[in-house]
2 protein chains.
Amino acid sequence: MDADSLQPSFAEPPGRAFEVVLAWVDAQILSGDLAVGDQLPAERELARLLNVSRAAVREAVRTLQAQGVVRSSVGAGAAGGTTINALPSDALTRLLRLHVALANFPHEDVIEVRVALERLSVRLAAQNATPEQLDVSQKAIDVMADPDIEREAFNDADTAFHVALAAAAGNRLAMDTTAAIRESMRLPILDRFRHVHAWDDIVEDLRRDHEAIQAAVTRGDAEEAERLVETHIRSAWHALSYDVSAGGWLGGSER
Amino acid sequence: MDADSLQPSFAEPPGRAFEVVLAWVDAQILSGDLAVGDQLPAERELARLLNVSRAAVREAVRTLQAQGVVRSSVGAGAAGGTTINALPSDALTRLLRLHVALANFPHEDVIEVRVALERLSVRLAAQNATPEQLDVSQKAIDVMADPDIEREAFNDADTAFHVALAAAAGNRLAMDTTAAIRESMRLPILDRFRHVHAWDDIVEDLRRDHEAIQAAVTRGDAEEAERLVETHIRSAWHALSYDVSAGGWLGGSER
DNA sequence: AAAGAAGAAGTGGTCAGACCATTGACACCG
DNA sequence: CGGTGTCAATGGTCTGACCACTTCTTCTTT
């Protein structure tokens, strides 16, 4: 058994000590005996219970932390220990970011999936967004409107705008996946922001697109919001990838 | 710094020993010095290099394994060591499955996102699928056609059908996210398969839907394939969640 | 000189034990 | 009753020993 089988099926016993722990946690979650907010047994206790070393327990806990399933704190009482937690968004973002960086997902692939998910998210946002949520996305637009804004800060606010719209969808998985995918493209997009020559033209287009999307979502026009966000993502990526002054495609990762 | 910051930004130094290692690997990947197929330094060497214990290195490696970034093998030479790998799909699946099991994503949320992604995947499959790929999805349909098939086996073949169509999309991220989300619903769907009374009616509808989707993809009718897969997912979920004999909704996780 | 066997070296995997910092619970004192 | 100090329990970290596996090197035999 190798590292591909970190989550073994129950038909086959775990091969490594830390996988014994993972299998135990998995079974507890599936059976409903461990839910969000519950604490795992202490590391030493779990090691005794499962007849593995404490190091094995710790390695399993790191795996679960990477998956956003648990968090750990030192100390006695309720503050200490390892708690089942609901942190899928960060875990998704970290995972996707690394694989984007490793060129395991071609940028064009990411853009396609991003279009599908952002269409879903703005449609749901147009139907579900609260004024408070729209305030968050509007604030990001206001930040981006600063004529002296640095490209990095613009990128951060641009990301925040999209994440805010995803958050307004009222659908946890849509929110997390949409945000994670936008975040995973933060560095590639910033890299392009830094290399394009026609930045002044591009940034105006981006601003106008964002405002149009915000307006469509605000008035509840789901179809228009979908159309606008798709056009925005595609045209922005196109502009950032093809810089006339550079005479060619900046390109993305190619497989 | 707590476990939420497993992937710290470089503006703040890592707080825990294993995060020093993660930050180092992150930097290596981002700079391009570590790419798919490359080996990390040996655990003992990396511990010396980064002035942490070997246990810290191992914990970081477990984190990276959970994210599908590395795999490890014992032994000298090229066979041994920790290698950068491209395994996003399994990592995504494991992550989503745990969070679905923890009820962190309401089933209805998952269905909505699944609809968006499967629409994308079948559209791309209609445009890009090879005969070999369509053969794989057809084989899953053939398995499901067995009149004596057990519900678990049907569920497995049903999953394989959707995964095969996603694989035919020719878009790595679409494939992985679509497959991961369908897989993450494998147990909830199987649970419903086991509890519905009108199984014979439902399974016929499922079979007919699958065949219609396969036919549309095969003849390259992207729009029809999209429409069919959305209708299929929604009506199947509705049928599986509302069982007249049970007199009410089986429901899903509620937040 | 070439081939095969044995040993060495290096790899991740595992464990035990010691120690550290943090945190809450409990006991004691005013 | 409130404040302080101590203790126990928690995760965090490190060290060192040993294991199984794999390849490489050295030695022996043909």
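Computed from a predicted model, the values in this text were never measured in an experiment. First the proteins, then the strands, lettered A, B, ... as listed; each starts at 1.
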Point to revise | Side chain to side chain, A/Trp24 and A/Val20, heavy atoms closer than 4.5 Å | key: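 No, their side chains stay 4.5 Å or more apart.
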Review point. Using a cut-off of less than 4.0 Å, is there contact between a side-chain N or O of B/Arg62 and OP1 or OP2 of C/dG13?
Key: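 Yes.
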Review point. Is the distance from OP1 or OP2 of D/dC14 to the nearest side-chain N or O of B/Arg54 less than 4.0 Å?
Key: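 It does not, given that no N or O in the side chain of B/Arg54 lies less than 4.0 Å from OP1 or OP2 of D/dC14.
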Practice item. Identify the residue among A/Asp176, A/Asp158, A/Asp156 that makes a salt bridge (charged side-chain N to carboxylate O under 4.0 Å, His left out) with A/Arg182. Key: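 Of A/Asp176, A/Asp158, A/Asp156, salt bridge (charged side-chain N to carboxylate O under 4.0 Å, His left out) with A/Arg182 is met by A/Asp158 alone.
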Check your understanding: With nearest nucleotides of DNA chain C determined for A/Ala78 and A/Ser53 from heavy-atom distances, which residue corresponds to the more 5′ nucleotide?
Key ->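 Checking each residue's closest nucleotide, the 5'-ward one belongs to A/Ser53.
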Spacing between [X] atom [atom1] and [N] atom [atom2], to the nearest angstrom:
X: B/Arg48; N: D/dT15; atom1: CZ; atom2: P; answer: 12 Å
X: A/Arg71; N: C/dT23; atom1: CZ; atom2: P; answer: 13 Å
X: A/Gln39; N: D/dA9; atom1: CD; atom2: C1'; answer: 12 Å
X: A/Leu46; N: D/dG12; atom1: CG; atom2: C1'; answer: 17 Å
X: B/Glu43; N: D/dC19; atom1: CD; atom2: C1'; answer: 14 Å
X: A/Arg16; N: C/dT14; atom1: CZ; atom2: P; answer: 7 Å
X: B/Leu40; N: C/dT11; atom1: CG; atom2: P; answer: 12 Å
X: A/Phe18; N: C/dT14; atom1: CZ; atom2: C1'; answer: 12 Å

Nearest-neighbour nucleotide for the [X] side chain, [options] considered:
X: A/Ala76; options: C/dG12, C/dG24, D/dG12; answer: C/dG24
X: A/Val74; options: C/dT22, C/dG12, D/dC14; answer: C/dT22
X: A/Val52; options: D/dT22, C/dC15, C/dT14; answer: C/dC15
X: B/Arg44; options: C/dG13, D/dG11, D/dT23; answer: C/dG13
X: B/Ala42; options: C/dT11, D/dT13, C/dG24; answer: C/dT11

Check your understanding: Hey, are A/Asp33 and A/Ser31 close enough side-chain-wise for a donor-acceptor pair under 3.5 Å?
Key ->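 Per modelled atom types, A/Ser31 and A/Asp33 side chains form a pair under 3.5 Å.
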Practice item. Scan side-chain atoms only and decide if A/Gln65 and A/Ser72 contain a donor-acceptor pair under the 3.5 Å cut-off. Key: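 Present: a donor and an acceptor within the cut-off.
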**Study point:** 5'-most by nearest nucleotide on DNA chain D - A/Arg58 or A/Gly75
**Key:**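 Closest to the 5' end, via its nearest nucleotide, is A/Gly75.
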Point to revise | Straight-line distance of A/Leu124 CG to A/Leu165 CG, nearest 0.5 Å | key: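 Interatomic distance, A/Leu124 CG to A/Leu165 CG, rounded to 0.5 Å: 11.5 Å.
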